[in-house]
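The structure under discussion appears below in the form of structure tokens.
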Amino acid sequence: MPVQIKGLIPTNAGVAVFLGDEEKVFVIYVDHSVGSAIGMFLNGTSKERPLTHDLMALLMEALGAKVQRVIINDIKSGTYYGRLILSAENELQQRKIIELDARPSDCIALATQQKAPIFVSQEVWDEVEDMTDVLRDMEKQSGEGE
């Protein structure tokens, strides 16, 4: 299931990342630093020095790799699991696909940075609670405070 970032809302413990499509939205909580990085990538914010996800992207670029897609593929006891799918091409134009286990928060940050698609497995999609109304209410509240 393809999903997009529908909203980022700061919380006391980090950032709530709302992911979904037109029919359903769910939330993944990430720490402040990753939430901040996702927000900067979404907004195209320039940084004086490379942050961790910038460094990861620079390393991938130096090795001829890029994020092809990310998949949030499992949820166990409220913890999400992700896969980072990279494509790499060497100097002989030989291409390979690399699949890595990764935190969904890092997957989302790298996908956002490199404008790669984010997917959710059908099993996760079916299990997560629809948070569309919560996101809508929070957006209304933040709009009233401006």
### Message
Before you tell me yes or no, could you show the steps for I97 and Q68 under side chain to side chain contact (heavy atoms under 4.5 Å, CB included), namely the whole-Å CA-CA distance, both residues' side-chain angles and the distance that decides it to 0.1 Å?
### Response
CA-CA 9 Å; I97 302 297; Q68 187 180 67; 3.6 Å; yes

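- Residues I38 and M40 are not in side-chain contact: their nearest non-hydrogen atoms beyond the backbone lie 4.5 Å or more apart.
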### Task
Take W125 and D21, measure what side chain to side chain contact (heavy atoms under 4.5 Å, CB included) needs, and give me the verdict at the end.
CA-CA 11 Å; W125 186 254; D21 61 13; 3.5 Å; yes

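- Ionic pairing of R95 and E89 is not present here: no N-O contact between side-chain nitrogen and carboxylate oxygen is shorter than 4.0 angstrom.
- By the neighbour-count criterion of 12 heavy atoms within 6.0 Å, atom NZ of K47 is densely surrounded, having more than that number from other residues, nucleotides or ligands.
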### Query
Under the side chain to side chain contact (heavy atoms under 4.5 Å, CB included) criterion, do I118 and M1 qualify, and how do the steps go?
CA-CA 8 Å; I118 302 169; M1 301 282 308; over 6 Å; no

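- Between L135 and G7 the shortest heavy-atom distance is CD1-CA, 4.4 Å.
- With hydrophobic clusters built from ILVMFWY side chains whose heavy atoms lie under 4.5 angstrom apart, I98 shares a cluster with M56.
- Residues L42 and V34 are members of one and the same hydrophobic cluster, defined by side-chain heavy-atom contacts under 4.5 angstrom among Ile, Leu, Val, Met, Phe, Trp and Tyr.
- Counting only distance, with no hydrogens or angles, the side chain of N43 and the backbone of G39 share a donor-acceptor pair below 3.5 Å.
- To the nearest 0.5 Å, atom CD1 of residue I85 and atom CD of residue E99 are 3.5 Å apart.
- Looking at Q114 and K66, their side chains come closer than 4.5 Å, going by heavy atoms from C-beta outward.
- Atom OG in S36 sits 7.5 Å away from atom CG in L51 (nearest 0.5 Å).
- T132 and D130 form a side-chain donor-acceptor contact under 3.5 Å, judged by distance and modelled atom types alone.
- Between Y80 and F26 there is a side-chain heavy-atom pair separated by less than 4.5 Å.
- Between L19 and I5 the shortest side-chain heavy-atom distance falls below 4.5 Å.
- The structure places OG of S87 at 9.5 Å from CZ of R69, a figure rounded to the nearest 0.5 Å.
- Of the inter-residue distances, the one linking I72 atom CD1 with S121 atom OG reads 9.0 Å to the nearest 0.5 angstrom.
- A 4.5 Å side-chain heavy-atom check between D133 and R136 finds at least one atom pair inside the cut-off.
- The closest side-chain donor-acceptor pair between E123 and N73, if any, does not fall under 3.5 angstrom.
- Here the side chains of Q113 and D54 are in contact, with some heavy-atom distance below 4.5 Å.
- The shortest heavy-atom contact between T11 and V15 is OG1-N, 3.9 Å.
- For CD of E22, the number of neighbouring non-hydrogen atoms (other residues, nucleotides, ligands) closer than 6.0 Å is 12 at most.
- Hydrophobic cluster membership differs between F119 and V70, with clusters built from Ile, Leu, Val, Met, Phe, Trp and Tyr side chains linked at under 4.5 angstrom.
- G82 and P104 get closest at one heavy-atom pair: N-CG, 3.7 Å.
- Between S33 atom OG and H53 atom NE2 the span is 7.5 Å, to the nearest 0.5 Å.
- Both V128 and I28 belong to a single network of hydrophobic side chains, linked directly or stepwise wherever heavy atoms of I, L, V, M, F, W or Y lie under 4.5 Å apart.
- Note: the hydrophobic cluster containing V3 also contains V30 (ILVMFWY, side chain heavy atoms under 4.5 Å, direct or indirect links).
- Nearest heavy-atom pair, P50 versus L58, reported as atom, atom and distance to 0.1 Å: CB-CD1, 4.3 Å.
- Between the side chain of K24 and the backbone N or O of M131 there is no donor-acceptor pair closer than 3.5 Å.
- Side-chain contact between D106 and L84 is absent, with no heavy-atom pair separated by less than 4.5 Å.
- By the 4.5 Å heavy-atom criterion applied to side chains, I108 and F41 are not counted as neighbours.
- Heavy atoms from other residues, nucleotides or ligands lying under 6.0 Å from CD of E61 number 12 at most.
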### Query
Should F18 and I9 be marked as a side chain to side chain contact (heavy atoms under 4.5 Å, CB included) after you check the CA-CA gap, both sets of side-chain angles, and the distance that decides it?
CA-CA 8 Å; F18 289 84; I9 298 179; 3.7 Å; yes

